[in-house]
Each structure stands twice: as structure tokens, then as C-alpha cells.
Amino acid sequence: MSMLYHIVTYGCQMNVHESEKISFILENMGYQFTPNREDADVIVFNTCAIREGAEERVFGNVGALKKLKKSRPELVIAVCGCMTQKEETAKLFKQKFPFVDVILGTFNLHKIGEYIAKAKNQKVFELWSEGELDEEQGYNRSSGKNAWVNIMQGCNNFCTYCIVPYVRGREHSRSVENILSEVKQIAASGQYDKITLLGQNVNSYGKDLSPSVSFAELLRLVTAANGDFKVGFMTSHPKDLTDELIEEIATNDKVLKEIHLPAQSGNNRILKLMNRKYTREHYLSIIEKIKSRIPNVKITSDFIVGFPTETEEEFEDTMSLVEKVKFDGIFAFMYSPREGTVAAKMEGQIPLEVKKQRVNKLLALEKKIQKEAKKCQKK
Ligand code: SAH
Ligand code: SF4
Ligand code: F3S
């Protein structure tokens, strides 16, 4: 009988895609996927550290496996991803859940097969503090007709609330050759009608390559591959969204007319405290440009409410920005302090009750906007 594996994935598309890599590695070792963790010989948790809630879910779900492991000691449990890349959290895992067999971070993820094999005889606890992008390109793609393609790793922006730069390292662009060879393979397979290019801030793609390559140029090169597919991308940072890129999206038939452009706040003082490096006015001017140049474009965004010291009036600036832009969709998050980040140490942390009120108010506004948009479509 063949050995079975199960993966639980938390967090962003980057993690979803990395779980496709884990799955590829395990299947090459002879494991087969099972949707039931109770039946699995190996269970992998690919974790996210972006907010406290995400971490609590992981702790709860890993903790719940204690019984299963007791009844089947040969079961291998591995925890990897952004949460365990933080040394303190990794140590906490080791201490709280001694039955976990493998703990690794984001930089040594490609070693997971080796570690799981080792774990039959010993516990493995290994975090690398940095590493190169693994460009082996082995993925067991699992997102239907969409194929994810990672174009860069890490982030240099250090938004003061965000843990990502600490757990994913600095920006590192993948070479154009490697990206194109993966894209050509995907296109040639004929199985996908969409390719989504992934990075924490795709607009700064290629700045670290020599010669440098802009993201707009990369889009041109990727869409030049033969095949019937459209190209999407995420995420864009407003500070780096160039006219060249808007022009490319507007004129290139193969590029989807969809932009996820997180604003985070509509208030200049808060944007500055967040270290976002743009103002409300600049954000709105980009939106204007995009809307006038790309008809029927879909724009979505992310917002954080209750950032330290945010007043009611400053929150209202976020409300008015959302009202003004009329996004096609937004994600609204309550600010969650992340240990090690600048904002976590700021004075003026906002009480949970206030954050809840604000997030509900923002989501109610978004709902109203969506309802009105639907009515307009029907007319
Ligand atoms: N690289 C992307 C997205 C990163 S994380 C970008 O720069 O936009 C996805 C979203 O999670 C962010 O856009 C932000 O809205 C939210 N987020 C990040 N850190 C957070 C925190 N500490 N508390 C609440 N939300 C957070
Ligand atoms: Fe986090 Fe900011 Fe980087 Fe996005 S751009 S990953 S929010 S630090
Ligand atoms: Fe979470 Fe890591 Fe993505 S912290 S949002 S899984 S980069």
C-alpha cells in the first residue's frame, strides 16, 4: 500500500504555491495525497505569520494532532513556513508540541523531503537565516486552470506593521530565463488558461538584476510566449506603480485588467507611520490614471484599521477613500501587533473593541458599494 501525505496551507498565494512544491517533492518520494489527515503518514503544516489569528489557528490545529500521533507514533508531522522562520516561534513549537517531528523555515523549505526521510529516526529542527531562491521548478500544480509562477522572493519595504521582510528576507528577483522557461512549459502543456506572477511587490521586479529589467518588460516577455493564456499578477505596491506598467496593462491583450493595489489607509499621517512611502493624494492620482487608461479595469485593495494612534477622524479618511474609489473588492484587517516590527512597539495601541467597530464599519460600507454596483450592472 502506498504512503499518504496531507498538507494544510495557511496564508497568501505564495504559500499556496509553495505547498505545490512540497506536494511535488513528496510525490517524487512515492507519497500520494489524501484529503483526510487521519489517514496520512505525513502531515505538513505550511504556516503564515501575518496576523495573530493566523498563528493561533496553526497552534490549535497542530496541538489537536497530539492524540493521533500517540496512537500512530510512525506518523511524521512537519511544520514549515513563515511562522517557524521566526526563531522564537519555532522554539515555542518545539517546547509546546514535542511530538512534532520536523520544524523548518522558509529558506530551507526545499529540503523538506530530506528532513521528512530523516525524521523516521530522529527529530529535525533546522532554520536557515537566509537562502537562495530555489529554482528547480518542480510543482504539483493544484489551482485548476491557473498556474502560479513565482518571480521574486522577499521584500525590502519594511512597512512598520509587517512581518514579511523578517520571515522572507530581502527582495531577490528570479532570472528572466528561468521565469520564461517555466512559463513556456506551462503554456505548452495546454492545461492552463491563466498564469499569475507572484511576488510581495511585483512592481520592483528586476531592480536587483544586471542589467535591470522592469516588471512591464517582464510582462511583455511572458505574454510573448506562444499559447492561449492570460497573465495576472500580485501584489502591486502603489509607490512603484509606473506609467510604463499602466501602459503595458492597457495595451497588452494577454494581460488581465485586474490590479490589486493595497492602500492600507486613507490618512497621510497613518500612511507615514506605516512607512508606505505614498500619500492619499498620490494613491488617488494613480487610481485616476489607471481608470482613465484601462476601461473596465478591476481594482481591489487591502486596508488595516486600528493602526497604533489612529483616531476616529483618521479612520474616517480610510472610509472616504473607499467611498471615493469604489473598489471592486477590498480586504479589511484589524491591525495585529507582530513582535519584532516597529509598530508593535509604538505607543497608542488601539483597543480590540475599537478595531472591531472600525473593521465592521468599513466592511459594511464595502457591502453597500458592491450592492449599488450590482444594481447599476442590472440597469
Ligand atoms: N506584499 C503585499 C501584501 C502583504 S500581506 C503588500 O505589500 O501589499 C497582505 C495584507 O495583510 C497586507 O496588505 C496588509 O493589509 C495585511 N497585513 C500585513 N501585516 C498586518 C498586520 N500586522 N496586521 C493586520 N494586517 C496586516
Ligand atoms: Fe509587508 Fe509592506 Fe512588504 Fe507588503 S510591501 S510584504 S505589506 S513590508
Ligand atoms: Fe503569511 Fe508569509 Fe504570506 S506571513 S501572508 S504566508 S508571506
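Atoms within each ligand, like the ligands themselves, are counted from 1 in listed order.
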Only heavy atoms of [X], strictly under 4.0 Å: list the atoms of ligand 3 that pass.
X	value
Asn15	6 (S)
Cys82	2 (Fe), 4 (S), 6 (S), 7 (S)
Cys48	1 (Fe), 4 (S), 5 (S), 6 (S)

Requested in this report: Verify whether the ring centers belonging to Phe307 and Tyr335 lie closer than 6.0 Å.
Outcome: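 That pair passes the under 6.0 Å test.
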Query raised in the report: For the rings on His237 and Tyr278, is their centre-to-centre separation under 6.0 Å?
Result: yes
Query raised in the report: Does NZ or CZ of Lys69 lie under 6.0 Å from the centre of the six-membered ring of Phe99, at an angle within 45° of the ring axis?
Result: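 No, Lys69 does not sit over the ring of Phe99.
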Report task. Measure from NZ or CZ of Lys254 to the centre of the six-membered ring of Phe229 and say whether it is under 6.0 Å with the direction within 45° of the ring axis. Result ->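 Here Lys254 passes the 6.0 Å and 45° test against Phe229.
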**Report entry** Proximity flag Arg168 to ligand 3, non-hydrogen atoms under 4.0 Å
**Finding:**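 Contact check Arg168 vs ligand 3: positive.
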Starting from [atom], what is the nearest protein heavy atom, named by residue and atom, and what distance separates them?
atom	result
atom 7 (S) of ligand 3	Gln200 NE2, 3.3 Å
atom 25 (N) of ligand 1	Arg51 NH1, 3.2 Å
atom 7 (O) of ligand 1	Arg276 NH1, 3.8 Å
atom 3 (Fe) of ligand 3	Cys12 SG, 2.3 Å

Query - Interatomic distance, Ile270 atom CD1 to Tyr161 atom OH [nearest 0.5 angstrom] - result: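 So the CD1 of Ile270 and the OH of Tyr161 are separated by 12.0 Å.
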Report summary line: Contacts for ligand 2, heavy atom under 4.0 Å, by chain and number, are Cys155, Asn157, Phe158, Cys159, Tyr161, Cys162, Val164, Pro165, Gln200, His237, Arg276
Are any of the N/O atoms on [X], whether in the backbone or the side chain, positioned under 3.5 angstrom from an N/O atom of ligand 1?
X	value
Gln264	yes
Gln200	yes
Ser336	yes
Tyr161	yes
Arg338	no
Ser236	no

Query raised in the report: Taking atom CZ of Phe33 as the centre, does the number of heavy atoms from other residues, nucleotides or ligands within less than 6.0 Å exceed 12?
Result: yes
Query raised in the report: Is there a donor-acceptor pair under 3.5 Å between the side chain of Arg37 and the backbone N or O of Leu65?
Result: no
Query raised in the report: Of Gly154, Pro165, Ala49, Ala54, which has the heavy atom at the shortest distance from atom 4 (S) of ligand 3?
Result: Ala49
**Report entry** Test item, Met334 contacting ligand 1 (heavy atom, 4.0 angstrom)
**Finding:**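 Met334 counts as a contact of ligand 1 under the 4.0 Å cut-off.
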